[in-house]
Amino acid sequence: MKFPQRLTILLVLLPFFAVALYSKETDIYIGISSKYNPQNLPKIAMGGFDFKNENMPEEKQIALTIASVVRADLMRSRYFDIIDNAEPVDYGNLGKTLSEYQKTGINYVLFGEVNTV
């Protein structure tokens with residue numbers, strides 16, 4: 001017995017329509033896995049995001065928010081071991097600061113500067 005062509009197309013598309021209707025009321029979760037061994041992840045120190053204008057509290061808040069978002073994204077990736085209690089970066093003596101980080105086994109230092117334009 002042969003199925004009519006329209007019925008075959010309907011049966012093929014039915015699961016897609018069912019998922020589309022059902023998905024209106026569901027959450028989507030994305031799993032992220034890492035290919036790295038959790039015992040040997042590269043260490044990243046969060047050196048902070050500096051802000052220049054002390055008279056603009058919103059600039060400080062933006063710097064803290066940026067640091068928080070970057071930290072969360074790096075942690076969620078599971079590719080890095082985030083070091084939270086790292087010393088702030090001394091921009092005046094950057095070479096010494098980075099060598100101090102290196103002595104503690106930190107592989108990378110993440111820092112930046114936020115400026116209002």
Side-chain angles (χ1 to χ4, degrees):
M1 179 174 173
K2 237 176 145 179
F3 281 115
Q5 186 177 4
R6 288 183 182 170
L7 182 59
T8 304
I9 292 172
L10 179 64
L11 289 175
V12 169
L13 294 178
L14 187 62
F16 296 107
F17 290 126
V19 169
L21 290 174
Y22 182 72
S23 66
K24 285 184 180 179
E25 299 179 16
T26 61
D27 293 328
I28 297 173
Y29 296 96
I30 300 172
I32 301 174
S33 62
S34 171
K35 65 180 179 179
Y36 296 107
N37 179 350
Q39 304 299 324
N40 195 23
L41 296 175
K43 293 182 180 181
I44 292 186
M46 295 293 293
F49 286 84
D50 196 19
F51 57 97
K52 290 295 180 190
N53 195 342
E54 295 284 338
N55 297 325
M56 298 185 72
E58 65 272 7
E59 194 172 277
K60 178 180 180 179
Q61 186 58 45
I62 290 293
L64 293 172
T65 302
I66 289 171
S68 175
V69 168
V70 169
R71 179 188 178 280
D73 285 348
L74 290 172
M75 287 191 72
R76 199 172 294 119
S77 76
R78 298 183 190 165
Y79 284 98
F80 306 100
D81 182 12
I82 307 301
I83 310 300
D84 285 321
N85 57 355
E87 293 294 318
V89 172
D90 179 8
Y91 291 95
N93 198 354
L94 194 56
K96 181 181 177 193
T97 303
L98 295 179
S99 68
E100 291 297 322
Y101 278 123
Q102 191 175 24
K103 289 178 188 175
T104 62
I106 292 173
N107 304 103
Y108 305 96
V109 181
L110 183 62
F111 60 94
E113 185 176 282
V114 176
N115 293 298
T116 304
V117 284

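Position 1 is the first residue of the sequence, and the numbers go up from there. In this text, all values refer to a predicted model and were calculated from it rather than measured experimentally.
A donor-acceptor pair is defined here as one N or O able to donate and one able to accept, closer than 3.5 Å; no such pair exists between the side chain of Ser68 and the backbone of Leu64. Of the possible polar contacts, none joining the Asp50 side chain to the Glu113 backbone as a donor-acceptor pair under 3.5 Å is found.
The hydrophobic cluster containing Phe51 does not contain Leu94, counting ILVMFWY residues as joined when their side-chain heavy atoms lie under 4.5 angstrom apart, directly or transitively. Connection of Leu74 to Ile66 is established within a shared hydrophobic cluster, with ILVMFWY side chains joined at heavy-atom distances below 4.5 Å, either directly or through further cluster members.
The shortest heavy-atom contact between Tyr108 and Pro42 is CE1-CB, 3.8 Å. Residues Tyr101 and Gly47 approach most closely at OH-CA, 3.9 Å, considering heavy atoms. Summarising the geometry of Glu59 relative to Val114, their closest heavy-atom pair is OE2-O, 3.6 Å, with the distance given to 0.1 Å.
No side-chain heavy atom of Ile83 sits under 4.5 Å from any side-chain heavy atom of Thr104.
The CZ atom of Phe111 sits 5.5 Å away from the CG atom of Leu98 when rounded to the nearest 0.5 Å. To the nearest 0.5 angstrom, Lys60 atom NZ is 11.5 Å from Thr65 atom OG1. Atoms CD1 and CD1, on Ile106 and Ile82 in that order, are 10.5 Å from each other to the nearest 0.5 Å.
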